[in-house]
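Report on the structure given below.
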Amino acid sequence: ESRREGDDVVLVTRHKGFVRLALEHGAALVPMVSFGEWRLLEDLQLPAMQRWAMRRVGYGYPSYPHGRWWLPIPQPTDVTVAVGAPLDVARTPAPTPEQVDALHAAYYSAVSRLFEAHRVE
C-alpha cells in the first residue's frame with residue numbers, strides 16, 4: 001500500500017555490513033532521515049491481491065511505482081532531508097562482532113535522535 005499523509009516510517013534494519021565496512025575502512029557514518037519521500041511515487045492499489053501475494057511469496061505483488069503520467073517520474077513535491085553529525089570511525093582491519101554491534105547501535109541511536117528532532121507532528 002502507498003503511504004498516506006502523516007505516515008513516516010523509521011526503518012531499523014538488522015543489516016550490519018555497512019557498519020563492518022565503515023570499520024574496516026575507517027569511513028565516517030553519517031546519520032540521515034528523509035521526510036515526505038512517500039509523496040514522490042504512488043503504487044497500484046490492489047489490496048486483496050497484494051495481501052494474498054504477501055502471504056504466499058513475501059512481496060506485495062503487483063507493484064508498479066509511478067508518478068507523473070503513470071511513468072516512473074517522481075511527482076514534484078518537497079522532501080526534507082535531515083543530516084546528522086558524522087560518527088567518526090577508527091579504522092579496524094578485522095572488527096569483532098562486538099565492535100560492529102556497538103557502532104551499529106550508536107548509528108541507529110543517532111538516526112532515532114535525528115528523526116525525533118526533525119519530525120513534524
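Contact check for Met32 versus Val30: side-chain heavy atoms found under the 4.5 Å cut-off. Under the 4.5 Å side-chain criterion, counting only non-hydrogen atoms from C-beta, Met49 is in contact with Pro62.
The nearest pair of heavy atoms linking Ser34 to Val81 is CB-CG2, 4.0 Å. Closest of all the heavy-atom pairs between Pro31 and Ala85 is CD-O, 3.3 Å. Across all non-hydrogen atoms, the minimal contact from Pro74 to Leu41 is CA-CD2, 3.9 Å. Here the closest non-hydrogen pair linking Pro95 and Val100 is CB-CG2, 4.1 Å. Scanning all heavy atoms of the two residues, the minimum distance from Ala22 to Leu29 falls at CB-CD2, 3.7 Å.
Interatomic distance, Glu24 CD to Gln99 CD, rounded to the nearest 0.5 Å: 11.0 Å. If you take CG on Leu23 and CG on Leu103, they are separated by 5.0 Å, rounding to the nearest 0.5 Å. Residue Thr96 holds its OG1 atom at 12.5 Å from CZ of Arg20, rounded to the nearest 0.5 Å. A distance of 11.0 Å separates CZ of Arg51 from CG of Leu46, quoted to the nearest 0.5 Å. Between Tyr61 atom OH and Trp52 atom CH2 the span is 11.0 Å, to the nearest 0.5 Å. We find the CZ-CG distance between Arg119 and Leu114 to be 12.5 Å, quoted to the nearest 0.5 Å.
A donor-acceptor contact shorter than 3.5 Å links the side chain of Gln50 to the backbone of Leu44. For Thr92 (side chain) and Ala90 (main-chain N/O), a donor-acceptor pair under 3.5 Å exists by modelled atom type.
Judged as a side chain to side chain contact (heavy atoms under 4.5 Å, CB included), and not counting sequence neighbours, the contacts of Thr77 are Arg39, Leu40, Val79.
Between Tyr64 and Trp70, the ring planes lie parallel to each other; the angle is under 30°, not in the 30° to 60° tilted range. Taking the six-membered ring where the residue is Trp, Tyr107 and Phe18 present perpendicular rings, their angle passing 60° and hence far from 30°.
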